[in-house]
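Take a look at the structure below.
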Amino acid sequence: MPDLPLIARARSHSASIAYRTASQSFTYQDLINRSASLATALLADTDDLNEARVALLVPAGFEYSASQWAIWRAGGIKVPICLSATEPEWEYALTDSGASIVLADKSMAAKIAPLCSRLGVRLLDIDSITSAPSKTLPDISPDRRAMILYTSGTTSKPKGVVTTHANIQAQIESLIEAWEWSASDRIPLFLPMHHIHGIINVTSCALWIGALIEPFPRFDLSAILDRVLSDAFTLFMAVPTIYVKLIQALESADEKDRAAIVAGFARLRLMVSGSAALPASVHEQWTALTGQKLLERYGMTEIGMAISNPYHGERRPGAVGKALPGVEIRLKAESGAIITGEDEPGEIQVRGPGVFRVYWNRPEASAESFDESWFRTGDMAVLERGYYRIMGRLSVDIIKSGGYKLSALEIEAALLEHPLIAECAVIGLPDDVWGEAVTAVLVLKETATLDLPTLRDWCKGRLSVYKVPQRLLVVSELPRNAMGKVTKPAVRALF
Ligand code: MCA
Ligand code: AMP
């Protein structure tokens, strides 16, 4: 039976190193073998998972990718969930996706076991699975659904973005071509593995081409800088917040250290920024420090990467470049007209083989997100001298903080559970490090008082750390329009 293309490709570079840490290396053959064992355990006494949803709760690294391949080779749909999410957030992802299995490593398994037993979900601890004899694995067609990624949007709760194997392959091949990935590339991995940036741009591209990944348990600045110094990498991909943190670190380093680290960065073949707007000032500061011109690109969970500055040619600060290979872009004006010239802003709409199928179990939201065959991103852009420039989002209820997309509505719903909060409005305010800072404007119940540390403390266990408000303003009433509706621009004007 034919292998999934990514497995067939891995066989062709089976002896190369796929993952390397300070203490261990794993080859592509190790990935093939380990994923076969895990797939066998997942299948138990069935022949095919037939698109059963398998939630993945494994830290970034060899075992994560082996687990991902195992789910796919067994015929399941991978639902990666955030390692640091709260129990209510995990419960939502498991119940919304209808996951029947959770695949976790030993330490995460211990944390999620009570939830699994409450929900009646099978929990498989990968550390308890040694090299089981591998059974015959099912034939997987490219049209089969492969992944559900939860993304926040204009609805309170995150929606599950469903992509097929063919969608994922198209997303990978587009980046391999545009950014000239090769088997000799080496890339650090420090991004979360429940979002496309870490899953597709870093690991899937690397594993497709036979490159090497060096995983870090978290964004550990000094460990990463150490490895940059040792020329461990050829490629580097990060969100703008990380570049801001790198600049701060370099500026506070002593002269000798700074010169050595800067020289390390200067030797990289390519450094990419994305997931949120890279301020032109950060782009320029990075070039001034290292001589590297960051390549900024634009993407979205629903479509993969869509627009990119070129690998060869001008990388323009403040702009995201042109459509990537295989991706069609159009701008649609508020009037409904398709924009054909430059300098006129419109909504970015995207078409191509990488674009997702539907939101899981949400036919209405799925239908609304397409304009005929074009996906409506909700982002505004303008074409200037041949390059797209992102102007912002159509919805005020979407916040981007540290590269994470957050729903103001979801945070508001959580805050309204607080016994002292009568009303609230959540907005994102510009922030030099995080891009936007989650900001809560509250009306408290009579005579109540609440300060930011107390509110943040209360949020722990309810909201992931990056959703917890960073700023707080208490008011006696929220600004409303004539219809009585809270108006976010007026809330913003309070600052
Ligand atoms: C954490 N902290 C924050 C935030 N997050 N403060 C303000 N705003 C935030 N968003 C605080 C914590 O409360 C903590 O405070 C301190 O920062 C350290 O927290 P930690 O989580 O350890 O932070 P970090 O490790 O330094 O994380 C920063 C990070 C991370 C590495 C930039 O946010 C990250 O990995 N972001 C990437 C997300 C991503 O991959 N997005 C791509 C989505 P205290 O010290 O007081 O406790 S995919 C996408 O967008 C599309 C497809 C695309 O185009 O890529
Ligand atoms: P996500 O849902 O996490 O995939 O986030 C996708 C969103 O991130 C897009 O709709 C944009 O709003 C934003 N985004 C991604 N890349 C960029 C970029 N280079 N510049 C501005 N916004 C970006």
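Read the numbers this way: they start at 1 and go in the same order the structure lists the ligands and their atoms.
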Any protein N or O within less than 3.5 Å of an N or O in ligand 1? List each pair with its distance, or say none.
| unit_1 | atom_1 | unit_2 | atom_2 | d |
| --- | --- | --- | --- | --- |
| ligand 1 | 6 (N) | Gln470 | OE1 | 3.4 |
| ligand 1 | 6 (N) | Gln470 | NE2 | 3.4 |
| ligand 1 | 10 (N) | Ser401 | OG | 2.8 |
| ligand 1 | 26 (O) | Lys245 | NZ | 3.2 |
| ligand 1 | 36 (N) | Gly402 | O | 2.8 |
| ligand 1 | 41 (N) | Gly403 | O | 2.9 |
| ligand 1 | 50 (O) | Ser275 | OG | 3.4 |
| ligand 1 | 50 (O) | Lys400 | NZ | 2.6 |
| ligand 1 | 54 (O) | Arg297 | NH1 | 2.6 |
| ligand 1 | 54 (O) | Gly299 | O | 3.4 |
| ligand 1 | 55 (O) | Ser275 | OG | 2.6 |
| ligand 1 | 55 (O) | Arg297 | NH1 | 3.3 |
| ligand 1 | 55 (O) | Arg297 | NH2 | 2.8 |

| field | Under the ring-ring contact (aromatic ring centres under 6.0 Å, His included) test, residues paired with Phe356 that sit two or more places apart | value | Tyr359, Phe370, Phe375

| field | ligand 2 to Thr151 polar contact by distance, N or O atoms, under 3.5 Å | value | yes

| Considering residues at least two apart in sequence or located in another chain, which fulfil the ring-ring contact (aromatic ring centres under 6.0 Å, His included) criterion with Tyr466? | Tyr404

Using atom types as modelled, flag every donor-acceptor pair under 3.5 Å from a side chain in residues 203-217 to any protein atom, sequence neighbours excluded.
| unit_1 | atom_1 | unit_2 | atom_2 | d |
| --- | --- | --- | --- | --- |
| Thr203 | OG1 | Gly198 | O | 3.1 |
| Thr203 | OG1 | Ile199 | O | 2.8 |
| Ser204 | OG | Ile199 | O | 2.6 |
| Glu214 | OE1 | Arg20 | NE | 3.2 |
| Glu214 | OE1 | Arg20 | NH2 | 3.0 |
| Glu214 | OE1 | Arg227 | NH2 | 3.1 |
| Glu214 | OE2 | Arg227 | NE | 2.6 |

| remark: atom 5 (O) of ligand 2 sits nearest the protein heavy atom Lys400 NZ, 2.9 Å

| said: Please tell me whether Lys332 and Gln349 have a donor and an acceptor in their side chains that are separated by less than 3.5 angstrom. | reply: no

| task | Return yes or no for this condition: an N or O of Glu302 is under 3.5 Å from an N or O of ligand 2. | result | no

| message | Check this for me: does any side-chain nitrogen of one of Arg376 and Glu347 sit under 4.0 Å from a carboxylate oxygen of the other? | response | yes

| query | What do you reckon, does His195 put a non-hydrogen atom under 4.0 Å from ligand 2? | reply | no

| query | Do any heavy atoms of His197 fall under 4.0 Å from ligand 2? | reply | no

| Cation-pi check, Lys157 onto Tyr92 ring (under 6.0 Å, within 45° of axis) | yes

| query | Do Asp143 and Thr164 meet the criterion of a side-chain donor-acceptor pair at a distance under 3.5 Å? | reply | no

| message | Ignoring hydrogens and geometry beyond distance, is a side-chain donor-acceptor pair present between Arg315 and Tyr387 at under 3.5 Å? | response | no

| query | How close does the nearest protein non-hydrogen atom get to atom 2 (O) of ligand 2, and which residue and atom is it? | reply | Lys405 CD, 2.8 Å

| remark: Logged contact type for Ser152 with ligand 2, heavy-atom cut-off 4.0 Å, is neither

| said: I'd like to know if Glu412 and Lys488 make a salt bridge, using a cut-off of under 4.0 Å between side-chain N and carboxylate O. | reply: yes

| note | Atoms of ligand 2 under 4.0 Å from any heavy atom of Gly299, numbered from 1 in the order shown, are 6 (C), 7 (C), 9 (C), 15 (C), 16 (N)

| query | Would one find an N or O of Asp379, backbone or side chain, under 3.5 Å from an N or O of ligand 2? | reply | yes

| field | Side chains of Thr287 and Glu284, donor plus acceptor under 3.5 Å | value | no

| Heavy-atom gap Ile196 to ligand 2 smaller than 4.0 Å | no

